[in-house]
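Notes follow the structure.
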Number of protein chains: 2
Amino acid sequence: MTLDNKKIERISKALGDPYRLKIMHAIMKMEKAQKGTCSMPCSNLVEMIDLAQSTVSHHIKQLVDADLLIAEKEGRNAKYTINKEVFNAYVSFLQPFAS
Amino acid sequence: MTLDNKKIERISKALGDPYRLKIMHAIMKMEKAQKGTCSMPCSNLVEMIDLAQSTVSHHIKQLVDADLLIAEKEGRNAKYTINKEVFNAYVSFLQPFAS
DNA sequence: TTTTTAAATCGAAATATTTGGATGTTTCGA
DNA sequence: TCGAAACATCCAAATATTTCGATTTAAAAA
């Protein structure tokens with residue numbers, strides 16, 4: 001999987017905010033803890049993050065738009081999982097700069 | 001080398017702009033072509049990028065502030081080199097999300 | 001059915017970033 | 001020494017992002 005420039009830009013921008021990094025970390029830790037597929041409802045994140053619900057929703061949207069998170073609906077909850085494939089591709093993009 | 005959250009944020013933000021990505025790419029290619037230490041004067045970048053000189057300077061400043069580029073003065077030219085160590089640390093930060 | 005809950009969307013204000021012109025600083029060359 | 005060249009810095013305008021309250025949508029619960 002190769003990411004075009006626009007995608008790289010979006011991903012980088014999405015990771016360039018403290019709240020969005022916090023969200024990603026929370027979901028990642030959750031996934032590591034309970035191995036296998038895992039659900040992270042928005043409400044948990046809102047509780048954790050001390051921003052208005054609409055603001056958290058907006059941040060999540062940017063992470064989803066960047067394909068860093070995969071969103072699914074589960075009843076009236078939202079479920080987010082980390083898109084490892086995209087992270088892998090992003091790391092591959094960065095690799096040439098690191099070596 | 002470990003990067004704190006603020007640094008991760010800065011780096012991500014610095015990479016979240018098309019012109020700055022272009023600058024990084026140009027310098028990276030330059031370094032790969034002529035192996036060993038290499039110089040990339042600002043004037044080349046200005047020519048390449050079709051933005052005002054002050055704007056290019058501003059973009060470079062952000063890359064330097066994020067420690068993605070190391071700046072040195074060489075006479076009246078500026079010389080920029082990629083900070084591989086920081087890229088490596090950034091990749092290390094991302095790794096847990098990719099696997 | 002009506003109410004409640006979870007989350008997305010809208011609209012507007014506050015804040016931050018991007019951009020270029022003008023100017024300043026340093027260095028090289030004439 | 002003087003002028004030009006290479007960058008950096010300052011300022012203000014244009015643009016984008018962040019934030020929240022209010023509203024909307026959809027699903028579960030009463």
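Residue numbering restarts at 1 for every chain, and letters A, B, ... go by the order of the sequence lines.
When the C1' atom of C/dC10 is taken as reference, atom NE2 of A/His58 falls 12 Å away, rounded to whole Å. Atom CG of B/Leu63 and atom P of C/dT18 are 10 Å apart (whole Å). The distance from atom CE of A/Met48 to atom P of C/dA7 is 14 Å, rounded to the nearest whole Å. Counting to the nearest Å, the P atom of D/dT19 and the CD1 atom of A/Ile23 are 10 Å from each other. With rounding to whole Å, A/Tyr19 atom OH is found 18 Å from D/dT17 atom P.
With sequence neighbours excluded, no residue satisfies side chain to side chain donor-acceptor pair (under 3.5 Å) with B/Ser54. Scanning for salt bridge (charged side-chain N to carboxylate O under 4.0 Å, His left out) contacts around A/Lys73 gives an empty result, with sequence neighbours left out. Remark: B/Asp67 pairs with B/Lys7 by the side chain to side chain donor-acceptor pair (under 3.5 Å) rule, at least two apart or across chains. Qualifying salt bridge (charged side-chain N to carboxylate O under 4.0 Å, His left out) partners for A/Lys84, counting only residues two or more places apart in sequence or in other chains: none.
Taking only side-chain nitrogens and oxygens, B/Asn77 never comes nearer than 4.0 Å to OP1 or OP2 of D/dA5. The side chain of B/His59 places an N or O atom within less than 4.0 Å of a non-bridging phosphate oxygen (OP1 or OP2) of C/dT19. Proximity of A/Gln62 to the phosphate of D/dT18: a side-chain N or O atom is located under 4.0 Å from OP1 or OP2. OP1 or OP2 of D/dA8 sits under 4.0 Å from a side-chain N or O of B/Ser57.
B/Tyr90 and B/Leu3 make their closest contact through N-CD1, 3.6 Å (heavy atoms, listed as atom of the first residue, atom of the second, distance).
To the nearest 0.5 Å, atom CG of residue B/Asn44 and atom CD of residue B/Glu47 are 6.5 Å apart. Rounding to the nearest 0.5 Å gives a distance of 6.0 Å between CD of B/Glu31 and OG1 of B/Thr81.
If you check residues 4-17 of chain B against DNA chain D, you find no residue with a heavy atom closer than 4.0 Å.
Inspection of the B/Tyr19 and B/Thr55 side chains reveals no N or O donor paired with an N or O acceptor under 3.5 Å.
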Are any protein N/O atoms closer than 3.5 Å to N/O atoms in nucleotides 20-29 of chain C? If there are, list each pair with its distance.
| unit_1 | atom_1 | unit_2 | atom_2 | d |
| --- | --- | --- | --- | --- |
| C/dG20 | OP2 | B/Ala52 | N | 2.8 |
| C/dG20 | OP2 | B/Thr55 | OG1 | 2.9 |
| C/dG20 | N7 | B/Ser54 | OG | 3.0 |
| C/dG20 | N7 | B/Thr55 | OG1 | 3.2 |
| C/dG21 | N7 | B/Ser54 | OG | 3.4 |
| C/dG21 | O6 | B/Ser54 | OG | 3.1 |

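Each of A/His58, A/His59, A/His25 was scored for a side-chain hydrogen bond (donor to acceptor under 3.5 Å, both in side chains) with A/Arg20, with one residue passing: A/His59.
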